[in-house]
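Only this structure's heavy atoms are used, side chains among them; waters, hydrogens and symmetry mates stay out. Note that the structure is predicted; figures quoted are calculated from it, not measured. In each ligand, atom 1 is the first atom listed, and ligand 1 is the first ligand listed.
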Amino acid sequence: KSYNVAVAGVTGAVGQEMLKILEERNFPVKQLKPLASQRSVGKIVTFRGEKIPVEILSTESFQGMDFALFSAGASISKEFAPLAGQEGCIVIDNSSAFRQDPDVPLIIPEVNPGAIVDFRKKNIIANPNCTTIVTIVPLKPLHDYGRIKRVVASSYQAASGAGAKAMQELEDQVKEYAFGREMVAGVFPYQIAFNLIPQVDVFLDNFYSKEEMKMVWETRKIMGEPDLQITATCVRVPVLRAHSVSVNIETEKKITRDKAIELLSAFPGVTVQDDPANRVYPMPWLVSGKDNCYVGRIREDISCPNGLTLWSVGDQIRKGAALNAIQIAELLIEKKLV
Ligand code: 11C
């Protein structure tokens with residue numbers, strides 16, 4: 001069987017990667033419908049060698065579609081995803097619009113595949129925030145074994161999380177610096193080249209950024225642990241497209257470094273890259289373009305008897321967004337839910 005697939009936000013960094021991944025994984029696409037805003041009309045996308053004109057996203061766009069992959073921002077999702085769902089099209093939404101909706105499953109296929117069955121109420125499945133995905137994929141096998149009580153995460157987030165324009169801004173600033181010109185900021189509030197910005201998204205009343213609270217809310221929902229203690233600090237770094245997260249956990253049962261390596265090595269979606277003596281550890285430069293979360297710097301925490309620290313790196317555009325969304329569609333097919 002093959003499926004009609006709409007991609008909303010097709011001209012963005014994630015939308016473009018979605019097309020690539022659908023093609024790479026040989027996803028059974030019958031008809032591809034590339035959708036975007038008025039601004040992108042006239043643009044052409046290439047899919048399986050065929051040139052397809054971009055259509056304006058409208059209330060009519062989803063008739064006859066089996067899947068709609070949304071990556072056009074939360075307000076577009078709020079406006080169009082429920083309509084698409086009502087038409088019988090299954091929406092996989094990359095925005096934050098529905099992640100906390102109790103009638104919408106929030107899925108990482110390696111972590112909580114069972115929760116996907118609850119999608120029928122709205123026909124919408126939410127794709128988690130990229131930073132949450134890169135953090136939680138390696139935590140799942142550790143939680144299953146030792147039960148995590150507390151998580152302290154610090155992210156090092158690439159420009160790609162803020163979209164294609166943000167990646168361009170980083171490249172432009174590097175060139176401006178090289179030519180001795182003034183660096184111009186637009187997407188980011190400050191220069192990102194040769195800098196770190198300890199703000200991702202807006203600040204909330206509790207002085208956390210929204211990105212940091214998304215880590216908290218989404219981790220609890222995906223892990224099915226509403227009381228999990230978790231805190232995060234999210235930082236934008238001058239890296240193009242892979243997010244890195246330093247994660248410290250405290251577990252009920254002690255997890256040794258060897259046990260953690262054994263558990264992580266056996267878990268789908270994780271590649272362990274941990275050989276400090278030979279300077280082997282994951283870095284965003286090498287993980288860009290890869291599918292798995294790469295995990296290294298695994299060590300027992302000397303400050304806490306059942307503490308463990310690790311370093312996880314994942315391609316933000318792939319596993320953090322486009323790939324996870326397509327894996328959700330594959331999971332629906334595999335479970336014969338579509
Ligand atoms: C970033 N994580 O790196 C953000 C982008 O909730 O899907 C994704 C925001 C989201 O800027």
With M283 as reference, evaluate V280, V287, L286 under the side-chain contact (heavy atoms from CB on, under 4.5 Å) test and give the passing residue. L286

Taking atom types as modelled, find out whether S209 and Q199 have a side-chain donor-acceptor pair closer than 3.5 angstrom. no

May I ask you to check whether F80 and F70 place their ring centres under 6.0 Å from each other? no

Could you tell me whether K20 and E17 make a salt bridge, using a distance below 4.0 angstrom between a side-chain N and a carboxylate O? yes

Keeping Q273 on the side-chain end and V295 on the backbone end, is there a donor-acceptor pair under 3.5 Å? no

Should the pair K122 and F98 be classed as cation-pi, given the thresholds of under 6.0 Å to the six-membered ring centre and 45° from the axis? no

Could you please provide the protein residues found below 4.0 Å of ligand 1 on a heavy-atom basis, arranged by chain and number? N94, R99, N129, C130, T131, Q157, G161, A162, V200, E211, K214, R236, H243

